[in-house]
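Read through the structure below, which is laid out as structure tokens, and then see the notes.
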Amino acid sequence: MLKSSPRALLIFTRNPVPGKCKTRLAATIGDQAALDIYVFLLQHTASQCAGLPGVEKIVYFSDSIGDGAIWDTDTFDYRLQQGADLGLRMQQAFKDAFTAGYREVIVIGSDLLDLSTSDLQNAFDLLSENEAVLGPAEDGGYYLLGLKKNIPGIFQNKTWGTKTVLQDTLNDLRKFKTAVLPARNDIDQYEDIAGNPVFEPFLKKD
């Protein structure tokens, strides 16, 4: 339901369940350490999103509605992702947002340590002047996508989770005025956290 803002931030997240999140990272550091890191990243994402003014914030869970432990229900609305793959789930979420009356819609993941409130504000500011905004991930995907309307085909014919996604999406957007944000590193595997002191406490647990 549209509330007080024409802007919506859609936050895609996996339910934090051992063995079902950050599986590539878990292959190196174990299920529990990977889960602990993911919960840490979720908490970081929630805190950065909560401080964003003038934007409705909707968390899209992968499997079941959350219990409010991480995403404060006074700040975030809850939804379930719908669709057979990531592209279809994002497509449905954008469709629902535009149907509800939102005019500027951004989707993000929940596994970036270096994503800040100011980054999100900048993305919305850029979206107000463009038809789309895209945040490239260093692994060849993207961590943020903003649209003002549904763009046919943008979520189809992608091999999700691979390094071709970003370029294929940019190709889909070539006829639209698109702002491209700085590249960022999302956390998917051990190499993404290696040497970062923030993650050392999670790796030293018995």
Side-chain angles (χ1 to χ4, degrees), residues 7-27 29 31-52 55-97 100 102 105-117 119-121 123-124 133-139 141-147 155 158 160-162 165 169 181 184-189 192-193 198-199 202:
R7 291 177 164 179
L9 178 65
L10 316 180
I11 305 150
F12 266 47
T13 181
R14 287 185 176 275
N15 293 85
V17 177
K20 292 188 176 182
C21 57
K22 293 298 159 201
T23 53
R24 284 184 286 171
L25 180 61
I29 67 173
D31 286 346
Q32 188 60 51
L35 175 64
D36 291 343
I37 287 174
Y38 188 50
V39 170
F40 169 73
L41 292 170
L42 293 178
Q43 292 168 336
H44 169 77
T45 303
S47 68
Q48 297 305 307
C49 294
L52 186 65
V55 175
E56 299 295 332
K57 306 165 186 78
I58 306 169
V59 182
Y60 274 84
F61 295 93
S62 59
D63 299 307
S64 60
I65 293 296
D67 60 5
I70 295 174
W71 308 96
D72 184 354
T73 54
D74 290 333
T75 302
F76 300 94
D77 288 333
Y78 288 3
R79 302 282 190 279
L80 272 180
Q81 298 173 29
Q82 303 288 337
D85 64 25
L86 177 59
L88 293 175
R89 293 194 290 269
M90 288 194 291
Q91 178 176 273
Q92 186 62 50
F94 271 100
K95 178 181 178 182
D96 290 346
Y102 296 104
V105 181
I106 286 177
V107 66
I108 61 170
S110 48
D111 54 2
L112 276 91
L113 182 63
D114 55 357
L115 186 68
S116 68
T117 303
D119 293 326
L120 296 171
Q121 184 64 61
F124 272 107
V133 61
L134 191 65
E138 293 179 358
D139 63 4
Y142 57 80
Y143 63 87
L144 181 150
L145 174 66
L147 300 172
F155 300 113
K158 306 291 185 300
W160 299 104
T162 70
V165 171
T169 304
L181 301 170
R184 294 291 170 85
N185 178 40
D186 52 5
I187 307 299
D188 288 316
Q189 53 193 1
D192 298 325
I193 66 170
V198 170
F199 296 107
F202 299 104

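No hydrogens, no waters, no symmetry mates; every other heavy atom, side chains included, goes into these values. Quantities reported herein were computed from a predicted structural model and do not represent experimental measurements.
Formation of a donor-acceptor pair under 3.5 Å by the Thr23 side chain with backbone atoms of Lys20 is not found in this model. Looking at His44, its side chain never comes within 3.5 Å of a backbone N or O of Val39 through a donor-acceptor pair. In this structure, Ser62 contributes its side chain and Asn15 its backbone to a donor-acceptor pair below 3.5 Å. In this structure, Asp77 contributes its side chain and Ile58 its backbone to no donor-acceptor pair below 3.5 Å. In this structure, Asp85 contributes its side chain and Gly87 its backbone to a donor-acceptor pair below 3.5 Å. Under the 3.5 Å distance criterion, the side-chain polar atoms of Asp192 are matched with a main-chain donor or acceptor of Gln189.
Rounding to the nearest 0.5 angstrom, the gap separating the CG atom in Asn185 from the CG atom in Asp114 is 6.5 Å. To the nearest 0.5 Å, atoms CG (Asp67) and CD1 (Ile65) are separated by 11.0 Å. Met90 contributes atom CE, which lies 9.5 Å from atom CD of Gln81 (distance to the nearest 0.5 angstrom). Note: Cys21 SG to Leu35 CG = 5.0 Å, rounded to the nearest 0.5 Å. Put simply, CD1 on Ile106 and CZ on Arg7 are 7.5 Å apart, with the number rounded to the nearest 0.5 Å. The CD atom of Gln92 lies 11.0 Å from the CZ atom of Phe155; values are rounded to the nearest 0.5 Å.
Listed here is the closest heavy atom pair of Gly83 and Leu88: CA-CB, 4.1 Å. Summarising the geometry of Ala34 relative to Ile29, their closest heavy-atom pair is N-CD1, 3.7 Å, with the distance given to 0.1 Å. Summarising the geometry of Val55 relative to Ala8, their closest heavy-atom pair is CG1-C, 4.0 Å, with the distance given to 0.1 Å. Nearest heavy atom pair, residue Leu181 against residue Pro136, reads O-CD, 3.1 Å. When every heavy atom of Phe94 is checked against every heavy atom of Leu145, the shortest pair comes out as CZ-O, 3.6 Å.
Taking the side chain as every heavy atom from C-beta outward, Ile108 and Thr45 approach each other to under 4.5 Å. The closest side-chain heavy-atom distance from Thr73 to Tyr78 is below 4.5 Å. By the 4.5 Å heavy-atom criterion applied to side chains, Asp186 and Asp111 are counted as neighbours. For the pair Arg14 and Tyr38, the minimum side-chain heavy-atom distance is below 4.5 Å.
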Worksheet item: Would Lys158 and Thr169 satisfy side chain to side chain contact (heavy atoms under 4.5 Å, CB included), going step by step from the backbone distance to the final call?
Response: CA-CA 8 Å; Lys158 306 291 185 300; Thr169 304; 3.5 Å; yes
Discussion item. Is there a side chain to side chain contact (heavy atoms under 4.5 Å, CB included) between Glu56 and Leu9? Walk through the geometry before answering.
Written reply: CA-CA 6 Å; Glu56 299 295 332; Leu9 178 65; over 6 Å; no
Worksheet item: What's the verdict on side chain to side chain donor-acceptor pair (under 3.5 Å) for Thr117 and Gln48, showing C-alpha distance, side-chain angles and the deciding distance?
Response: CA-CA 5 Å; Thr117 303; Gln48 297 305 307; 3.2 Å; yes
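Taking Phe12 as the reference, Tyr60 meet the ring pair (Phe, Tyr, Trp, His ring centres under 6.0 Å) condition, with sequence neighbours excluded. For the side chain to side chain donor-acceptor pair (under 3.5 Å) test, residues two or more places apart in sequence or in another chain that qualify with Asp188 are Lys22.
A side chain to side chain contact (heavy atoms under 4.5 Å, CB included) with Leu144 holds for exactly one of Val107, Leu134, Val133, Leu112; it is Val133.
A salt bridge links Arg184 with Asp119; the closest basic N to acidic carboxylate O contact falls under 4.0 Å.
By the 30° and 60° cut-offs, the orientation of the rings of Trp71 relative to Phe76 is perpendicular.
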